[in-house]
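Before any comments, here is the structure.
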Amino acid sequence: MARIMVLIIGILMIGFIAWWFFGKHEAKTETAAFASDQQDVDILVKGGYSPEQVVLKQGVPAKLHFTRTDPSSCLDHVVFPDFGINQALPQNQEETVTIDTNKPGEYEWACGMDMFHGKVIIK
């Protein structure tokens, strides 16, 4: 009986892990706010990124303001490979990343360990 319970619990845990890493999860999307001919978006870094997707208008200077409250060392950097950005994110401090919005498209960002992701959509 104990072996059956362990087997059932093991199968449930494997299913949960597969759903967590490979299942489709709805990503929070936010459109940048305009102020003084500039776009700004605040992103909270706490167990991931919130919002995970940011929509920016092409040709308007944009700044993403990251505030990391998560103590995890995985989230202490944000990397934008398409823009050549690898920015340190000190805990409990706002760090600003300037994005070049001249070229439309979808550009991903990730934590330093490439475990947590986000996306910038320039339209």
Report task. Could you tell me which residues satisfy side-chain contact (heavy atoms from CB on, under 4.5 Å) with Gln38, sequence neighbours excluded, listed by chain and number? Result -> Asp40, Lys63
What's the shortest heavy-atom distance between [X] and [Y], and which atoms?
X	Y	answer
Tyr49	Gly118	CD1-N, 4.5 Å
Glu95	Pro90	CG-CD, 3.4 Å
Glu108	Pro81	O-CD, 3.6 Å
Leu75	Cys111	CD2-CB, 3.8 Å
His77	Asn86	CD2-OD1, 3.0 Å

Report task. If the plane angle is over 60° it's perpendicular, under 30° parallel, otherwise tilted; pick one for Trp109 and Phe80. Result -> tilted
Report task. Indicate the ring-plane relationship of Phe83 and Tyr107, choosing parallel, tilted or perpendicular according to the 30° and 60° boundaries. Result -> tilted
Side chains of [X] and [Y]: closer than 4.5 Å at any heavy-atom pair?
X	Y	value
Pro51	Ile43	yes
Arg68	Asp76	yes
Leu64	Val120	yes

Query raised in the report: If you count the non-hydrogen atoms of other residues, nucleotides and ligands that lie under 6.0 Å from CG in Asn102, is the total more than 12?
Result: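 More than 12 within 6.0 Å, yes.
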Requested in this report: Look at atom CG of Leu12 and say whether more than 12 heavy atoms of other residues, nucleotides or ligands are closer to it than 6.0 Å.
Outcome: yes
Report summary line: salt bridge (Lys or Arg N to Asp or Glu O under 4.0 Å) filter on Glu106, not counting sequence neighbours, yields Lys119
Would you say the side-chain atoms of [X] pair up with the backbone N or O of [Y], donor to acceptor, closer than 3.5 Å?
X	Y	answer
Ser50	Leu44	no
Asp70	Val45	no
Gln53	Ile121	no

**Report entry** Stepwise side-chain contact (heavy atoms from CB on, under 4.5 Å) test for Asn92 and Thr69
**Finding:** CA-CA 5 Å; Asn92 299 318; Thr69 60; 3.9 Å; yes
Report task. Could you grab the distance from atom OG1 of Thr96 to atom CD of Gln87, nearest 0.5 Å is fine? Result ->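 Thr96 atom OG1 to Gln87 atom CD measures 8.5 Å (nearest 0.5 Å).
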